[in-house]
Amino acid sequence: MINDASTKNSAYPYWIAKGLILLADISIKKDDLFNAKAALEAVKENYTEDKSILTEVNERLDKVNSLLDEKSRLETKPENGDIILDEPK
């Protein structure tokens with residue numbers, strides 16, 4: 001319904017932005033963090049009219065990025081703190 005509303009209400013960017021934020025909230029609840037991030041980044045990149053909306057988007061993006069970092073299986077730093085360098089061949 002949000003995608004349909006976005007198409008039909010293109011003259012109302014505020015409501016499109018709010019709809020995408022709602023879609024991101026739903027995606028977060030469903031643990032669909034990549035789609036949540038995409039929706040929020042779309043608002044951040046394309047909506048400039050209301051700073052409170054952008055503040056809301058940035059707060060949610062911080063939350064999504066934090067959740068993505070928690071779920072990541074990539075090791076960001078070695079356990080012993082040493083820097084790992086490849087040996088030249």
Side-chain angles (χ1 to χ4, degrees):
M1 288 179 15
I2 292 170
N3 291 332
D4 188 41
S6 294
T7 303
K8 291 180 180 178
N9 297 310
S10 62
Y12 303 99
Y14 174 86
W15 291 111
I16 293 172
K18 290 299 272 186
L20 287 170
I21 292 169
L22 176 60
L23 183 62
D25 288 344
I26 293 167
S27 296
I28 292 167
K29 291 280 187 191
K30 290 182 166 185
D31 202 30
D32 186 3
L33 301 176
F34 290 107
N35 281 323
K37 184 174 181 176
L40 293 168
E41 286 178 343
V43 175
K44 185 175 181 175
E45 292 171 8
N46 297 298
Y47 184 80
T48 58
E49 295 179 20
D50 186 346
K51 292 190 188 275
S52 68
I53 295 284
L54 295 174
T55 301
E56 195 174 340
V57 165
N58 286 325
E59 289 170 357
R60 281 180 174 75
L61 266 174
D62 290 343
K63 177 182 177 182
V64 168
N65 286 328
S66 176
L67 291 169
L68 284 169
D69 288 344
E70 287 175 17
K71 292 178 182 277
S72 176
R73 296 186 314 184
L74 296 176
E75 187 176 326
T76 56
K77 60 182 177 180
E79 290 180 17
N80 63 4
D82 292 339
I83 296 174
I84 300 172
L85 298 174
D86 288 339
E87 293 292 323
K89 294 181 180 182

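Computation of the quantities below employed the complete heavy-atom set of this structure, encompassing side-chain atoms and omitting hydrogens, waters and symmetry-equivalent molecules.
- Taking K51 as the reference, nothing meets the salt bridge (charged side-chain N to carboxylate O under 4.0 Å, His left out) condition, with sequence neighbours excluded.
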Can you list, pair by pair, the side-chain donor-acceptor contacts under 3.5 Å of residues 33-47, counting residues two or more places apart and other chains?
residue: N35; atom: ND2; partner: D32; partner atom: OD1; Å: 3.3
residue: N35; atom: ND2; partner: D32; partner atom: OD2; Å: 2.7
residue: K37; atom: NZ; partner: N65; partner atom: OD1; Å: 3.2
residue: K44; atom: NZ; partner: N58; partner atom: OD1; Å: 3.3
residue: N46; atom: ND2; partner: A42; partner atom: O; Å: 2.8

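- With sequence neighbours excluded, no residue forms a side-chain hydrogen bond (donor to acceptor under 3.5 Å, both in side chains) with K30.
- For S27 (side chain) and L23 (main-chain N/O), a donor-acceptor pair under 3.5 Å exists by modelled atom type.
- Evaluation of the side-chain hydrogen bond (donor to acceptor under 3.5 Å, both in side chains) rule for T55 yields no partner, not counting sequence neighbours.
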- Task: Starting from the C-alpha separation in whole Å, work towards a yes-or-no answer on side-chain contact (heavy atoms from CB on, under 4.5 Å) for I53 and I21.
- Result: CA-CA 9 Å; I53 295 284; I21 292 169; 4.0 Å; yes

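- Take D25 and apply the salt bridge (charged side-chain N to carboxylate O under 4.0 Å, His left out) test, not counting sequence neighbours, and it matches R60.
- Partners of D69 under the salt bridge (charged side-chain N to carboxylate O under 4.0 Å, His left out) rule, at least two apart in sequence or in another chain, do not exist in this structure.
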